[in-house]
Amino acid sequence: MVLDHEILIVGAGLAGLRAAVEASETADVAVVSKVLPTRSHSGAAQGGITAALGNEEEDQWEWHFFDTVKGGDYLGDQDVIEIMVKDAPRAIYELEHMGVPFSRTRDGRIAQRNFGGHTKGYGREPVKRACYVADHTGRVVLDTLYDQAIGRHVRFYGECYVLSLVFDDGRCCGVVTYDLATGGLHFLRAKVVLLATGGCGKIYRTTSNGFSTTGEILNLTFKEGIPLQDMEFIQFHPTGLFPLGILVSEAARGEGGILRNDAGEPFMERYAPSIKDLAARDVVSRAILTEVRAGRGIGGKGYVHLDLTHLGERKITEKLWEITSFARIYLGLDAVSQPIPVAPTCHYLMGGIPTDGDGRVRADQTARTVPGLYAAGECACVSIHGANRLGCNSLLDLLVFGRRSGKAMKDEVAGVKTLLTGRDPTKPVRERLAALTDREGPEKAHAIRLEMQIVMTDYGSVFRTEGALRQGIDAILALKERFSRVMVTNRGTSFNYDLMETVELGHQLDLCEVILVSALNRRESRGAHFREDLPQRDDQNYLRHTLAFCATGGPRIAYKPVVLGRFQPAVRAY
Amino acid sequence: MLVRLKVFRFDPEKDGDPYYQDYEVQAEPTDRLLDCLNRIRWEQDPTLAFRMSCGHGVCGSDGMRINGVCGLACQKLVESFGLEVRVEPLPVFPVIKDLVVDLEPFFQRYHSIKPYLIALSSPPGHERRQSPEDIRPLEDAIRCILCACCTSSCPVSQDPQTADYVGPAALVRAFRYLFDSRDESTSERIAMLDRQDRVWGCRTLWKCTEVCPKEIPVTKLIGHIKRRIYETKRESNEGEIRHAPKDEAGNGSWGEDSEG
Ligand SMILES: Cc1cc2nc3c(=O)[nH]c(=O)nc-3n(C[C@H](O)[C@H](O)[C@H](O)COP(=O)(O)OP(=O)(O)OC[C@H]3O[C@@H](n4cnc5c(N)ncnc54)[C@H](O)[C@@H]3O)c2cc1C
Ligand code: SF4
Ligand code: SF4
Ligand code: FES
């Protein structure tokens, strides 16, 4: 079946929904999502959204600008960061006008809280910059934007997996979807396509990301010859609930929570004397694992304590309800009176599909873009977050660049006519799926996935070395070889998750290789990419973005310059 | 430990009738039911269908009937149900396959109560003011994740005679907008809710409140809507009040005050 829309958005998280709300003002918009729209992972965001509103204390967009640049270890592009931080207050007021029930100050303004790396006076002391709805901000914003989109007659295709991007003479003109309920393949044709498909955290063993966060769209663009940028920068959030990895938001530390080691010592004082527990995430994650390596984890084990017990019951139940419910449900402990066991958990992808400030996908190192194709949100790399994202800057990125993409697309479609005719783009996809289901083979996707997650965790997470990365690449190549003999035993047509998870796994393995090869080639330490064998930042050689291109024999690595501006690279200490 | 799961199975492609299938999986007491289901699907039977996304009770995907009570598979630990557990799809909604139900009717009803802020005056250049006291009444309602556990458990929704009842989940969202100090369509909302298939369909049976995985006092919130309608009509002296505030037992409770 062929279905036509002017604008097609893949992904119903905040980036996709914000774009849909914008674009549907004048255009016919459809949103495709592999889960039901309100199940998108943006709903898991807890802590908040940053904007220098200055509602609680003095704040300035210039400080937000500086913090974001420094937080990203000077790898973020300063032209687009400036766009984002200046637009932030408007983006927040707009959400308020749409109905988001933000938590409030005594005088009725939007309340704000501290978050890691956000400071006043260019790093002097923490500032309250994150706007929030208790500790379920993402959920409430997702519901609000979804309801707005419904009100604007946006068409939703839920539980439809995009398995292929369709190009006609170099221009993206739609996608092929697999309908989970029926197993049918459809060609969704459009004048422009926006990819807003989120991150890829599920390639690691312990992650705060949900089951659908597999990242296959990143590999689809890669295979089309579009580069992937800065993929070595994977954020590990310091406080995952141990051992599950479920996120305990930085809001817990923003509200005054303290990390302690086995001796009860508030150890962040040693690693970040000025802002302590509110240092950037890469710094805190390394500090926790350094404590653990030195035998100062709780009982000598692989975790430390997050202590909220001094905050008082009222503050905890009012502002941190979700977090305390996770501790209660999964560990049976009461965070009001007991410390929470935490360890780093894979959380966020700084890299992704390179775009310009209006979401247009960049084809290479030059200013050339891919006609008809846009990307926004976690799957995109604008690049705002550089080598390490600051807390609450992601939701802001989704809202600002989601909206800008929506605007650019609706302007563009007015002048676009040509649509692909003739060829049936579902055919190659049908053949690829048939190859998986018709094959008899000894390998099971589940076993390979588990090994992939262990390999990535062992060789490609917080601490990296050349030797480990090389071992990791070899191990992933071996898994790819095994994957070629994988067999899908479920051959049904309705809700065949077995088939879809196998497709996802194939893409995940390719992404692992891109991440590890990008990391191997970056011979320095910067932000979330920490090389124990090369612990210094090397601006001379690596103040550059990595671009990985698909090539025979493995990813080909190239570089492009960082857009500097107001802030020149300086020593990064907290 | 070895856990036995009795799982509801139905594949419209080949089964005339649904049946139950037994599985055994190794699990830790602190594993989630969702972990057990995944182990079945990954290691034993790849045809088993159920939804999931976040894995920690925030997306609302994996509502199902667990030992007869609706809840989220990702929130139920093995230790809470012991060595044997029966797993079935949510009632009320048509089964598509195994534990997957068609939620289209659920979302349609949800959309029917206008789940968005209606503010006619043009907004200021900054935020509208709202005090912490204005926000407090909404705090419970905005935790809703649209998992449909409440609506599936509601005896009124389950009864085919009253199947057009909008259901508690939609009413929780209706509450959230009716009591939002920024909303400017109170009288329209009241007129919209003041119907037998909307708020007066609720017979204060508390089942919704018992199952809500986000601990939302659902019945109480519905009670607040009822009282608001009742008081608005009394003030305006708008003729006869159609619906007396009575619950099943006829004891005049709004469901607001006790916890049932
Ligand atoms: C637990 C947690 C808490 C967080 N808290 C915060 C916070 O407080 N503040 C902050 O700023 N950031 C936070 N983040 C980060 C932020 O939430 C995410 O980066 C962001 O939500 C990503 O949104 P997105 O719109 O890019 O994609 P997502 O919300 O992940 O949505 C992806 C969408 O793409 C669809 N999709 C994916 N692949 C396909 C496919 N092949 N076919 C069809 N559809 C597809 C999915 O169905 C989904 O609809 C948090 C992240 C996590 C995991
Ligand atoms: S209280 Fe009302 S909505 Fe809740 S279960 Fe009872 S009748 Fe249904
Ligand atoms: S009110 Fe509770 S049970 Fe009902 S849909 Fe919302 S979260 Fe689920
Ligand atoms: S999987 Fe999201 S609520 Fe259970």
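We name chains A, B, ... by the order of the sequence lines, and we start the count at 1 in each one.
- B/W42 and A/E501 share a donor-acceptor pair across their side chains, judged by distance under 3.5 Å alone.
- Side-chain contact check for A/W321 versus B/K214: some heavy-atom pair is nearer than 4.5 Å.
- Between chain A and the residues B/K97, B/M52, B/R143, the largest count of heavy-atom pairs under 4.5 Å involves B/R143.
- Contacts of A/V133 with chain B are made by side-chain atoms alone, with heavy-atom separations under 4.5 Å and no backbone atom involved.
- Across A/E318, A/Q46, A/E94, A/E159, the residue that shares the most heavy-atom pairs under 4.5 angstrom with chain B is A/E159.
- Within the 4.5 angstrom heavy-atom criterion, only side-chain atoms of A/R139, from C-beta onward, approach chain B.
- Chosen from A/H41, A/K444, A/R90, A/E322, the residue pairing most often with chain B at heavy-atom distances under 4.5 Å is A/E322.
- Under a 4.0 Å N-O distance rule, the pair B/R128/A/E96 qualifies as a salt bridge.
- In terms of heavy-atom pairs under 4.5 Å with chain A, the best-connected choice from B/R136, B/R182, B/E79, B/R51 is B/R182.
- Between B/C54 atom SG and A/N209 atom CG the span is 11.5 Å, to the nearest 0.5 Å.
- For B/L146, the parts lying near chain A are the backbone and the side chain together; criterion is any non-hydrogen pair under 4.5 Å.
- Salt bridge annotation for B/E127-A/R104: absent, with no cationic side-chain nitrogen under 4.0 angstrom from a carboxylate oxygen.
- Under the 3.5 Å distance criterion, with hydrogens and angles disregarded, a donor-acceptor pair is assigned to the side chains of B/Y110 and A/D147.
- Within the 4.5 angstrom heavy-atom criterion, only side-chain atoms of B/L34, from C-beta onward, approach chain A.
- With chain B as partner, the option from A/I246, A/L180, A/N55 having the largest number of non-hydrogen pairs under 4.5 angstrom is A/I246.
- Proximity to chain A (any heavy atom under 4.5 Å) is shown, for B/I118, by neither the backbone nor the side chain.
- Taking A/I110, A/L244, A/L36, A/V140 one by one and counting their heavy-atom pairs under 4.5 Å with chain B, the maximum is reached by A/I110.
- Counting heavy atoms from C-beta outward, B/Y116 and A/T144 have side chains that stay 4.5 Å or more apart.
- Separating the NE2 atom in A/H446 from the CG atom in B/N38 is a distance of 9.0 Å, to the nearest 0.5 Å.
- Among the candidates B/H56, B/E43, B/H111, the residue making the largest number of heavy-atom pairs closer than 4.5 Å to chain A is B/H56.
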